[in-house]
There are 2 protein chains.
Amino acid sequence: MTKGIYLDNSTTTRPSNQSISKMMPFFTERWGHPSQPHQMGQTLYPALAESYKALYTLLGANEKDSFVFTSSGAEAINHVIQSAYMDISLSTGRNQFITSNIDEAPGIMAIGRLEHEGCVGKMVDADEHGKITPQSIADAITPRTALVSLDWANGLTGVIHPVGEIAHICEERGIPLHIDASHVLGKLFFELNDTGASFITFNGDHLHAPKGTGGLWIKEGVKCSPFILGGIEQGGLRAGSYNIPGLVALGNAATELLDSRDLMCTEVARLRNKLEEGIQKGFPRSVIFFKEEERLPHITAIGFPGISNEALLYALNRKGVYACIGGGSFQQIGLILAGSKVPGPLAHSAISFSLSRETTEEEIDKAIEITVEAANKLSKMSAALGAA
Amino acid sequence: MTKGIYLDNSTTTRPSNQSISKMMPFFTERWGHPSQPHQMGQTLYPALAESYKALYTLLGANEKDSFVFTSSGAEAINHVIQSAYMDISLSTGRNQFITSNIDEAPGIMAIGRLEHEGCVGKMVDADEHGKITPQSIADAITPRTALVSLDWANGLTGVIHPVGEIAHICEERGIPLHIDASHVLGKLFFELNDTGASFITFNGDHLHAPKGTGGLWIKEGVKCSPFILGGIEQGGLRAGSYNIPGLVALGNAATELLDSRDLMCTEVARLRNKLEEGIQKGFPRSVIFFKEEERLPHITAIGFPGISNEALLYALNRKGVYACIGGGSFQQIGLILAGSKVPGPLAHSAISFSLSRETTEEEIDKAIEITVEAANKLSKMSAALGAA
């Protein structure tokens, strides 16, 4: 099943063995609910406290900040955007929501929903380096802006946006900034204050935690109404069955993420670079997108001119190399690159590879060999078809 | 840890061993995401199909109906109510939402949120039998009613509401009906068509599935916009990391629920009755609420006149009997009973006991003994304090 070479960690990651084994007792023995005033509920508190502590440590949060444990990153993003509408738009009339044309679907679509409520979505375009510039945000802001919502980095190209500078602009204008950090956590050293964000969200299954987990950090003093209503759980910020096993697994994943951050930024970056160099050597026409930009250490988007990325993805899959061209909550990589001014045919030839701390040198060597062979084969076929 | 006598199954149930063991491979081996067009995602489809089939069978749904797998019953309820606002109120101006004064918090609070958007919540009162009557719903409906949203049965008293008759009224007036079936599934024989509902929701952790699972059934042809937006997962009805292990566990729980329904309606009902009789015999002043009504087989609410239910709950907990006085997503049982015209002091003396298919005769015998002893002891203390 998992014998393939898994280079699609931006879509989902393998849950860590330790996180899974730590969650198990909460399925089989400690399955109470924290709202229960009897022993089955009350004995859960130490595990809850430990998990939250690990998550606060991962984020560098201070104890007066709030944290909402959610079922996914998408839920957390919907939460922030719906709450900004409730907390800001309804009371102040500020009804413009800014995001980018290369953001993932949850933010774009949650803002889209608000357009039915009289709000206005504004999508700023990425520049030719795949980046959202502070200037583009400054230009988009109006006196009616309620929220700026951006991915911290693009999960398919790896390009890191200058959120600190963007936050500075937002702060000057009194506008809260939401950043989705799903692809960034555990791969980037940062000081939470330097991000300048009011809200940070993330998806647990990008962080070697199991599916059905996610988080929303809320800066001290910032209002954020609940999204799922119905009780006093989580300080009234999220009702619904409190997935304690998932929270325990996510807390453990947070600790492991910090422990592996050095590895991600050195060894995994080296393997990513090796993959790029190997593919460029074996298929010289290939294009490494945004190589000169500040990128996450584990992601690369590579164009294979003259080849359809769908055909290449299919060929790689057959040989056991699992990569990504978008889909799910991502936009298609062709659209993301085209949104960054990459010409259409080249954009639609691109494949994204994303490594993890579990990726081995042997896997990368093999992936280079398979990718180069498949690209050359498809290239000949395309040329033959073109000549026919 | 689980050595106690667990009679709080209306708050949460023990996940079944089989459901947990069936979900495990989806944490450790088959951890892909169905949106992945490569093998890691594609091999998940048989398990998905099997799980949905089990859930459709549990509900008696037909294949053209829709089903959304959610992270909880609360999410499902928020989904229905927010969608009704988007799909009905925004386009037709119908802005009144009806629920009851004894419903659980998610429905009441989700409707409360809509009041900020110019909607009107209407809470129908239960009658003196703990029941929501068709007449009360008929009286509440206006030409502006958008949705009627009710719990099928009360999870603390066990009283079953006449949803078929209520649905008939709603149908005549062209109003969709949402029913939460969390406490009913696996405990009641029903034909889905007879319920007349447009939406049915439930919480997985009431059904021996793990926490972080829930469901929303949508009748064929009924519109229901997504609540968590951001992708094409689940036919576009719910974005966010698709918790496949949870879905597999919920599917298995659905099958087990059907298998144990006879047992719930006979043996578990007998044990519930035995508990009631035993307590009444040992503490003759006790009051079994709504005993003559149609009730779920596994729930009883018992009043202990002259005793504070908090004190009794605490005493029972110390002796290892775990029961419930509300809280979490429930209202306090005192409020629910007061909402059904039970006098305040008696209402606030009540405790709810909820059995499961795992409850044994030995446990019930022991629970009777402990409860009777604790009630008599507290009663003497109260009398002494009263006399002092």
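Keep in mind it's a predicted model, so treat the numbers as computed, not measured. Order of the sequence lines fixes the chain letters, A, B, ..., with proteins taken first and strands second; residue numbering starts at 1 for each chain.
- Judged purely by atom type and a 3.5 angstrom limit, A:Arg113 uses its side chain to pair as donor or acceptor with the backbone of B:Pro226.
- Of the listed residues (B:Gly231, B:Ser72, B:Pro106), the greatest number of heavy-atom pairs within a distance under 4.5 Å of chain A belongs to B:Pro106.
- Here the OG1-CG distance, from A:Thr213 to B:Asn243, works out to 8.5 Å after rounding to the nearest 0.5 Å.
- A:Ile228 CD1 to B:Gln82 CD: the interatomic distance, rounded to the nearest 0.5 Å, is 11.5 Å.
- Nearest heavy-atom pair across A:Trp31 and B:Lys211 is O-NZ, 2.7 Å.
- The most heavy-atom pairs under 4.5 Å with chain A, out of B:Glu233, B:Gln36, B:Met23, come from B:Gln36.
- Interface remark: A:Tyr85 contributes side-chain atoms only to the contact with chain B (heavy atom separation under 4.5 Å).
- Of the two parts of B:Ser16, neither the backbone nor the side chain holds a non-hydrogen atom closer than 4.5 Å to a non-hydrogen atom of chain A.
- Of the residues considered (A:Gly41, A:Gly320, A:Ala323, A:Pro245), A:Ala323 shows the highest number of contacts with chain B, using heavy-atom pairs under 4.5 Å.
- For the atom pair A:His206 NE2 and B:Ser241 OG, the distance stands at 8.5 Å (nearest 0.5 Å).
- Listed in order of number, the residues of residues 327-335 of chain B that approach chain A to under 4.5 Å between heavy atoms are B:Gly328, B:Ser329.
- Heavy atoms of A:Pro34 lying under 4.5 Å from chain B are absent altogether.
- With sequence neighbours excluded, no residue forms a side-chain hydrogen bond (donor to acceptor under 3.5 Å, both in side chains) with B:Ser51.
- Taking NE2 of A:His116 as the start and OG of B:Ser225 as the end, the distance is 7.5 Å to the nearest 0.5 Å.
- Residue A:Ala105 comes nearest to B:Gly230 through the heavy atom pair CB-O, 3.1 Å, listed as atom of the first residue, atom of the second, then distance.
- Counted by atom type alone, A:Arg238 and B:Ser71 present one or more donor-acceptor pairs between their side chains at under 3.5 Å.
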Return all side-chain donor-acceptor pairs below 3.5 angstrom for residues 309-318 of chain A, not counting sequence neighbours, or 'none' if the list is empty.
| residue | atom | partner | partner atom | Å |
| --- | --- | --- | --- | --- |
| A:Asn309 | ND2 | A:His348 | O | 3.4 |
| A:Asn309 | ND2 | A:Ala350 | O | 2.9 |
| A:Asn317 | OD1 | B:Gln39 | N | 3.0 |

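- For residues 73-81 of chain A, heavy-atom neighbours of chain B at less than 4.5 Å comprise A:Ala74, A:Glu75, A:Asn78, sorted by residue number.
- With a 4.5 Å cut-off on non-hydrogen atoms, A:Asp8 touches chain B through its backbone and its side chain both.
- Neither the backbone nor the side chain of A:Thr70 comes within contact range of chain B; no heavy atoms are under 4.5 Å apart.
- Panel note: side chain A:Arg14, backbone B:Phe27; no donor-acceptor pair is recorded below 3.5 Å.
- Taking the six-membered ring where tryptophan is involved, the planes of A:Tyr322 and B:His38 are essentially parallel, since the angle between them stays under 30° and well short of 60°.
- Remark: B:Glu117 CD to A:Leu90 CG distance equals 5.5 Å, nearest 0.5 Å.
- When every heavy atom of A:Ser35 is checked against every heavy atom of B:Thr11, the shortest pair comes out as OG-CG2, 4.2 Å.
- Within the 3.5 Å criterion, the main-chain N or O of B:Gly32 finds no donor-acceptor partner in the side chain of A:Thr12.
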